[in-house]
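Here the structure comes first, spelled out in structure tokens, and everything after it is commentary.
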Protein chains: 2
Amino acid sequence: MAVTDEAIEKIKGMIVSGALRPGDRLPKESELAAELGLSRNSLREAVRALSLIRILDVRQGDGTYVTSLDPQLLLEALSFVVDFHRDDTVLEFLAVRRILEPAATAMAAARISEQQLNALTNQLDKLGEAPSVEELVACDLEFHRGIVQSSGNSVLCSLLDGLSGPTTRARIWRGLTQEDAVSRTLHEHRAILAALRDRDAEAARSWATVHIASVEQWLRSSL
Amino acid sequence: MAVTDEAIEKIKGMIVSGALRPGDRLPKESELAAELGLSRNSLREAVRALSLIRILDVRQGDGTYVTSLDPQLLLEALSFVVDFHRDDTVLEFLAVRRILEPAATAMAAARISEQQLNALTNQLDKLGEAPSVEELVACDLEFHRGIVQSSGNSVLCSLLDGLSGPTTRARIWRGLTQEDAVSRTLHEHRAILAALRDRDAEAARSWATVHIASVEQWLRSSL
DNA sequence: TCGTGCGAGACATCCGACGTCTCAGCCCAC
DNA sequence: GTGGGCTGAGACGTCGGATGTCTCGCACGA
């Protein structure tokens with residue numbers, strides 16, 4: 001194995017074993033390089049790779065630190081990976097989202113706070129009757145993110161965040177080409193919110209399913 | 001932004017835009033570095049980072065290539081990320097798996113082939129009545145992977161693969177400390193298989209839920 | 001006491017050199 | 001003519017050092 005890969009494994013090992021804990025500062029590059037038995041250049045490749053996936057946080061002029069290792073932070077890397085997928089796999093991502101989002105919405109029904117409910121209501125009100133497609137899609141993302149956060153599962157939340165990205169373009173496209181998509185989306189959002197306010201997990205789940213299925217159906221028919 | 005980060009974005013852009021396609025070979029390091037306007041060292045950091053998450057495949061003595069970009073390959077990086085999570089977030093991962101796995105199992109009920117059903121049967125038969133805990137857990141992973149592959153969604157499959165890793169230890173631990181866990185697991189596997197053979201999606205979904213919920217419940221009570 | 005300026009420390013980037021590996025083409029033996 | 005081994009070009013792997021840039025903490029002066 002290449003020395004850089006070894007270094008990646010060793011640093012990973014130090015973190016997993018607990019020798020390095022979240023927030024800890026690593027030895028300076030030259031010291032760590034000597035410690036692991038490689039050059040600073042090669043070590044930097046390892047550090048750079050780990051920082052791309054948010055394991056390490058390098059701050060110029062300061063030092064290199066272990067991140068908080070929050071699921072949210074780490075799964076952020078997922079969206080980077082997902083960006084590489086072409087449209088032909090969007091359906092598969094959407095299918096997964098169709099599984100997760102209703103479940104998250106149902107979970108949220110039991111846990112969402114009054115405050116959060118009001119915030120979501122305000123958000124929908126603010127959008128008005130005839131928003132632009134871009135506004136609608138942005139609001140769509142924000143609306144679902146707010147709900148999923150209330151599910152109380154940060155892994156679930158990050159995963160959905162990552163999966164929602166690639167379907168964004170598809171949703172915009174849909175809004176532009178399907179006439180009643182905008183009004184239907186607005187209606188479905190209201191219905192989901194109402195179900196959450198009623199603490200009706202099953203209704204919330206169903207509306208969320210309908211919401212995503214309609215996008216899926218449209219996408220399937222137009223590919 | 002740092003030049004290396006710029007390079008990462010540019011390479012990503014070249015792939016997403018289609019200028020570089022799966023399997024394509026990149027210009028040699030020195031050329032690409034000149035093209036992107038940075039040194040070979042800095043470029044190498046970018047390439048190393050992208051190869052860690054399986055976007056690029058560098059072969060010493062040969063060249064650097066774009067990988068197949070299969071969802072499977074890219075989401076493999078997920079398991080690397082997931083490795084960093086401590087036991088305190090295992091429950092959240094398990095909760096997500098509890099959502100996805102039953103859905104995948106239900107999907108498989110409609111699509112799984114006779115051949116695959118027979119393979120799964122053989123696998124369970126081969127295990128015998130009183131396997132060791134390690135054998136059981138390995139078989140468990142294999143069994144579920146086989147089913148999820150039959151769901152026909154490679155994104156879903158890879159995601160579950162990534163999520164199953166971190167709970168492996170927990171399952172072994174359970175097998176060692178809970179007496180009837182082994183026999184109960186064997187029984188549940190048989191039940192899932194029977195439901196699949198009957199093409200009964202709902203039964204398959206329910207058994208899969210039960211199967212995971214029992215692990216979840218045990219884990220929750222023993223933390 | 002507060003703000004500014006300076007300097008040490010750490011990462012960012014680059015250059016050039018040499019080692020190692022892979023592949024393809026040439027040459028020789030069969 | 002064909003197969004196998006050898007060799008050289010090309011590409012990645014690794015290294016050491018030099019210089020630029022940024023951040024933080026401390027000392028100084030208003």
Side-chain angles (χ1 to χ4, degrees), chain A residues 1-15 19-69 73 76-77 80, chain B residues 1-15 19-69 73 76-77 80:
Chain A
M1 194 193 301
V3 292
T4 302
D5 294 306
E6 269 182 52
I8 291 176
E9 287 301 320
K10 283 179 184 170
I11 296 174
K12 177 181 176 181
M14 285 192 280
I15 296 174
L20 284 174
R21 298 176 39 177
D24 278 1
R25 176 178 176 165
L26 273 67
K28 66 179 177 189
E29 290 183 346
S30 56
E31 276 179 23
L32 188 56
E35 202 174 307
L36 299 181
L38 40 60
S39 76
R40 188 170 158 243
N41 266 331
S42 301
L43 173 67
R44 276 181 59 75
E45 289 183 19
V47 170
R48 171 70 67 176
L50 289 173
S51 92
L52 178 68
I53 57 177
R54 315 299 174 99
I55 303 296
L56 298 179
D57 178 23
V58 289
R59 307 178 201 159
Q60 181 180 168
D62 185 359
T64 303
Y65 299 81
V66 179
T67 65
S68 64
L69 296 180
L73 208 55
E76 223 175 76
F80 186 90
Chain B
M1 195 191 302
V3 290
T4 301
D5 294 308
E6 269 181 52
I8 291 176
E9 287 301 321
K10 283 178 184 170
I11 295 173
K12 177 181 176 181
M14 286 192 279
I15 296 175
L20 285 174
R21 296 175 37 176
D24 277 1
R25 176 177 177 166
L26 273 67
K28 67 179 177 190
E29 290 182 345
S30 55
E31 275 180 23
L32 187 56
E35 201 174 307
L36 299 182
L38 40 61
S39 75
R40 188 172 158 237
N41 264 330
S42 300
L43 173 69
R44 276 182 57 76
E45 290 182 17
V47 170
R48 172 72 64 176
L50 289 173
S51 90
L52 180 68
I53 56 176
R54 315 297 176 99
I55 303 295
L56 298 180
D57 178 23
V58 288
R59 307 176 202 161
Q60 181 179 166
D62 186 359
T64 303
Y65 299 81
V66 179
T67 66
S68 65
L69 296 181
L73 207 55
E76 220 175 78
F80 185 90

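Just so we're on the same page: letters track the sequence lines, and every chain starts at 1.
- At whole-Å resolution of the value, CG in L36(B) and C1' in dC14(C) are 15 Å apart.
- A distance-only check finds a donor-acceptor pair linking the side chain of T67(A) to the backbone of I55(A) [under 3.5 Å].
- Taking only side-chain atoms of T4(B), from C-beta outward, the nucleotide of dC22(D), dA11(D), dT13(C) with the closest atom is dT13(C).
- Mapping G61(A) and V58(A) onto DNA chain C via the closest heavy atom, the residue that lands nearer the 5' end is G61(A).
- Contact between V47(B) and V58(B) at its shortest, heavy atoms only, is CG1-CG1, 3.5 Å.
- Nucleic acid contact class of T64(A) (heavy atoms, under 4.0 Å, all strands): sugar-phosphate only.
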Taking distance alone, no hydrogens or angles, what donor-acceptor pairs closer than 3.5 Å link side-chain atoms of residues 3-14 of chain A to residues at least two apart or in another chain?
| residue | atom | partner | partner atom | Å |
| --- | --- | --- | --- | --- |
| D5(A) | OD1 | R48(B) | NH1 | 3.1 |
| D5(A) | OD2 | R48(B) | NH1 | 3.3 |
| K12(A) | NZ | D83(B) | OD2 | 2.8 |

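- Between R59(A) and dC11(C) there is no side-chain N or O to OP1 or OP2 distance below 4.0 Å.
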For residues 31-44 of chain A, tabulate all N or O donor-acceptor pairs below 3.5 Å that involve a side-chain atom, not counting sequence neighbours.
| residue | atom | partner | partner atom | Å |
| --- | --- | --- | --- | --- |
| S39(A) | OG | N41(A) | N | 3.4 |
| S39(A) | OG | S42(A) | N | 3.2 |
| S39(A) | OG | S42(A) | OG | 3.3 |
| R40(A) | NE | E29(A) | OE1 | 2.6 |
| R40(A) | NH2 | E29(A) | OE1 | 2.8 |
| R44(A) | NE | E45(B) | OE2 | 2.9 |
| R44(A) | NH1 | E29(A) | OE2 | 3.0 |
| R44(A) | NH2 | E45(B) | OE1 | 3.4 |
| R44(A) | NH2 | E45(B) | OE2 | 3.3 |

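- Rounded to an integer number of Å, the gap from R44(A) CZ to dC11(C) C1' is 6 Å.
- Note: CD (E31(A)) to P (dG9(C)) measures 12 Å, nearest angstrom.
- In terms of the side chain to side chain donor-acceptor pair (under 3.5 Å) criterion, R25(B) has no residue partners (sequence neighbours excluded).
- In this view, R59(A) and D57(A) satisfy the side chain to side chain donor-acceptor pair (under 3.5 Å) rule, not counting sequence neighbours.
- Applying the side chain to side chain contact (heavy atoms under 4.5 Å, CB included) criterion to P22(B), with sequence neighbours excluded, gives L69(B).
- Summarising the geometry, atom OG1 belonging to T64(B) is positioned 12.5 Å from atom CG belonging to D24(B); distances are rounded to the nearest 0.5 Å.
- Taking atom CZ of R25(B) as the reference point, atom C1' of dA24(C) lies 12 Å away to the nearest angstrom.
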Contacts under 3.5 Å, N or O only, protein and nucleotides 15-18 of chain D:
| residue | atom | partner | partner atom | Å |
| --- | --- | --- | --- | --- |
| dC15(D) | OP2 | S39(A) | N | 2.8 |
| dC15(D) | OP2 | S39(A) | OG | 3.2 |
| dC15(D) | OP2 | S42(A) | OG | 3.1 |
| dC15(D) | N4 | N41(A) | ND2 | 3.4 |
| dG16(D) | O6 | N41(A) | ND2 | 2.2 |

Report all interatomic pairs (protein N or O, nucleotide N or O of nucleotides 4-8 of chain D) with separations under 3.5 Å.
none

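- Atom CD in E29(B) sits about 16 Å away from atom P in dT22(C), given to the nearest Å.
- Residues satisfying the side chain to side chain contact (heavy atoms under 4.5 Å, CB included) criterion with S30(B), sequence neighbours excluded, are K28(B).
- In this structure, S68(A) and L73(A) approach most closely via the heavy-atom pair OG-CD2, 3.7 Å.
- Taking the ring pair (Phe, Tyr, Trp, His ring centres under 6.0 Å) definition, one finds that Y65(B) meets it with nothing, sequence neighbours left out.
- Listed candidates were dC24(D), dT14(D), dG20(D). Nearest to the side chain of D62(A) is dC24(D).
- Protein atom CG of L32(A) is 13 Å distant from nucleotide atom C1' of dC11(C), rounded to whole Å.
- Using a 4.0 Å cut-off on heavy atoms, none of the residues of residues 45-57 of chain B approach DNA chain C.
- For Q60(B) and dC12(D), the CD to P distance is 10 Å, given to the nearest whole Å.
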